[in-house]
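Shown next, in structure tokens, is the structure this report addresses.
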Amino acid sequence: MLYSLYVANRQLAQPVRWAADMLEEFYGSPTNPLSETWFGKSMAASAEIVSRLTRDYSKPAFGLTTTVVDGREVAVNEEIVLRQPFCQLTRFARDLRGLVPRNDPKVLLVAPMSGHFATLLRGTVEALLPEHEVYITDWIDARDVPLSAGNFDLDDYIDYVATFLRYIGPGAHVMAVCQPSVPVMGAASLMAAADDPMQPRSITLMGGPIDTRISPTVPNDLAMRNSMMWFRQSVIASVPWGYSGFMRRVYPGFLQLTSFITMNLDRHINAHMRQFEHLVKGDGDSAESHRRFYDEYLAVMDLTAEFYLQTIQVVFKEHQLPRGVWVSRDRKIEPSAISKAGLMTVEGELDDISGLGQTKAAHRLTPNIPTDRHVHLEQKGVGHYGIFNGRRWREQIMPQVRDFIRANA
């Protein structure tokens with residue numbers, strides 16, 4: 001019922017968006033003499049903001065068509081190399097013909113399944129491409145997966161990561177951003193315990209909830225404060241008619257987006273007020289930057305209910321990984337089995353999603369990794385998003401991640 005009401009609400013908002021689009025076109029038209037007046041610009045700016053707030057946002061494209069290798073621009077081709085019901089493994093293949101042969105590390109970038117699409121890591125991929133062979137987990141919106149495909153939970157996530165590493169082949173490196181830090185540790189632990197020849201050479205965890213008992217944040221407190229019954233009754237809904245995943249139980253993307261925005265409501269209000277000012281002043285670059293960010297931020301996907309609920313219980317309530325009691329499909333998760341891979345953790349000083357120390361805790365769990373292959377980076381002045389996107393990521397964090405990966409190649 002909740003999901004159906006949301007869909008109905010969005011449909012009712014369509015006339016408002018259409019009217020706003022018409023107003024924006026009317027007052028923004030160069031043939032309208034009012035378009036150059038403060039009144040005309042204000043009307044066009046207001047109409048654009050209303051239109052963007054009432055529309056639905058589909059999955060954005062990665063849009064990474066070129067990169068620079070050895071000072072030369074080369075083409076990049078986005079290839080789906082392996083398909084699973086809930087995820088497709090995507091490779092960003094660089095056209096290196098005519099260049100000196102390279103032996104760049106193969107990196108599996110594990111995107112979070114926490115509401116946003118994998119395209120949120122566009123900036124992460126873009127910075128890695130010049131010096132790495134990059135693969136990414138491109139998760140599929142659960143509302144688009146039919147019930148006949150079965151369920152997907154945290155145990156499946158672990159198995160997917162292991163499957164992808166085996167597909168990429170020996171010598172691969174794995175990099176987890178935020179939430180997948182836990183299943184990546186699970187997959188690496190199981191592969192190490194089995195002495196799997198495809199186990200990763202290095203593991204990089206960025207802003208992940210390895211041990212949420214440390215420096216708990218608002219999302220951590222929410223998980224601890226409410227019962228599993230509350231989560232089942234309050235945030236789980238069935239996909240309505242009209243989608244391929246009709247009747248699948250999910251944690252809807254729109255509920256996740258609501259929680260994201262509520263956490264930083266003032267920031268989002270101020271961002272839209274500044275956008276109004278940019279539009280009125282004709283600051284096209286700032287206005288376009290705002291559009292790009294919110295095109296990505298407002299595009300959300302549904303998660304399967306079983307994955308979301310199991311994650312809440314295992315990671316945020318019972319802290320099974322740091323307590324050493326996590327069992328996945330009758331397989332004990334023992335990070336101490338990892339001895340051949342290097343481990344790097346990255347945290348942001350201002351991270352309000354994964355508090356300081358939560359990711360760093362992974363080092364305590366992996367005592368058999370040689371000391372010189374443990375690396376921790378606490379980046380000053382950045383929040384959660386800034387760990388893997390933006391100027392600080394490109395200029396300060398990525399070079400250290402690159403050097404760590406090469407040191408473990």
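Atom set for the values below is all heavy atoms of this structure, side chains included, hydrogens, waters and symmetry mates excluded.
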Do NZ/NE/NH1/NH2 and the carboxylate oxygens of Arg331 and Asp155 come within less than 4.0 Å? no

Please tell me whether Thr204 and His173 have a donor and an acceptor in their side chains that are separated by less than 3.5 angstrom. no

Whether Arg248 and Asp302 form a salt bridge (side-chain N of Lys/Arg under 4.0 Å from carboxylate O of Asp/Glu) is what I want to check. no

Once rounded to the nearest 0.5 Å, what's the spacing between atom CG of Leu377 and atom NZ of Lys360? 11.0 Å

Is it the case that the ring center of Phe152 lies less than 6.0 angstrom away from the ring center of Tyr160? yes

Look at the aromatic rings of Phe231 and Tyr308 and report parallel, tilted or perpendicular, splitting at 30° and 60°. perpendicular

Donor-acceptor check, side chain of Asp403 to backbone of Gln400, threshold 3.5 angstrom: yes or no? no

Distance alone, cut at 3.5 Å: any donor-acceptor contact between the side chains of Arg122 and Thr119? no

When Val382 is tested against each of Arg392, Glu349, Gln396 for side chain to side chain contact (heavy atoms under 4.5 Å, CB included), which residue passes? Arg392

Run the salt-bridge test on Asp138 and Lys59 with the 4.0 Å N-O cut-off and return the result as yes or no. yes

Tell me, with the steps shown, if Phe307 and Phe86 meet ring pair (Phe, Tyr, Trp, His ring centres under 6.0 Å). CA-CA 11 Å; Phe307 167 75; Phe86 292 88; 9.9 Å; no

Between His319 and Thr212, does any side-chain donor sit less than 3.5 Å from a side-chain acceptor? yes

NE2 of His363 to CG of Leu343: how many Å apart, nearest 0.5 Å? 4.5 Å

Inter-residue atom distance Ile333.CD1 - Leu190.CG, 0.5 Å rounding: 3.5 Å

For a quick test of your reading: what N or O donor-acceptor pairs under 3.5 Å do the side chains of residues 214-222 make, sequence neighbours left out?
| from | atom 1 | to | atom 2 | distance (Å) |
| --- | --- | --- | --- | --- |
| Ser215 | OG | Leu356 | O | 2.8 |
| Thr217 | OG1 | Asn220 | OD1 | 3.1 |
| Thr217 | OG1 | Ile353 | O | 2.9 |
| Asn220 | OD1 | Thr217 | N | 2.9 |
| Asn220 | OD1 | Gln358 | NE2 | 2.8 |

Acceptor/donor pairs from residues 67-74 side chains to any protein atom, 3.5 angstrom cut, sequence neighbours excluded:
| from | atom 1 | to | atom 2 | distance (Å) |
| --- | --- | --- | --- | --- |
| Asp70 | OD1 | Arg102 | NH1 | 2.8 |
| Asp70 | OD2 | Arg102 | NH1 | 3.0 |
| Arg72 | NH2 | Arg97 | O | 3.3 |

Give a yes-or-no answer on whether the side chains of Asp104 and His132 include a donor-acceptor pair shorter than 3.5 Å. no

For the residue pair Ala111 and Thr137, what are the closest heavy atoms and their distance? N-OG1, 2.8 Å

Distance from Glu25 atom CD to Met22 atom CE, nearest 0.5 Å? 8.0 Å

Centroid separation Trp393 to Phe388 less than 6.0 Å: no

Go through it in stages, so that I can follow the logic: the residues are Val177 and Leu109, the test is side-chain contact (heavy atoms from CB on, under 4.5 Å), and I'd like the CA-CA distance, side-chain angles, deciding distance and then a yes or no. CA-CA 8 Å; Val177 177; Leu109 180 58; 4.0 Å; yes

Within 6.0 angstrom of Met247 CE, more than 12 heavy atoms from elsewhere: no

So CD1 of Ile210 and CD of Glu347: to nearest 0.5 Å the spacing works out to 10.0 Å

Is it the case that atom NZ in Lys106 sees more than 12 heavy atoms from other parts of the structure closer than 6.0 Å? yes

Tyr167 ring center near Tyr135 ring center (under 6.0 Å): no

Applying side-chain hydrogen bond (donor to acceptor under 3.5 Å, both in side chains) to Arg91 and not counting sequence neighbours gives Glu133

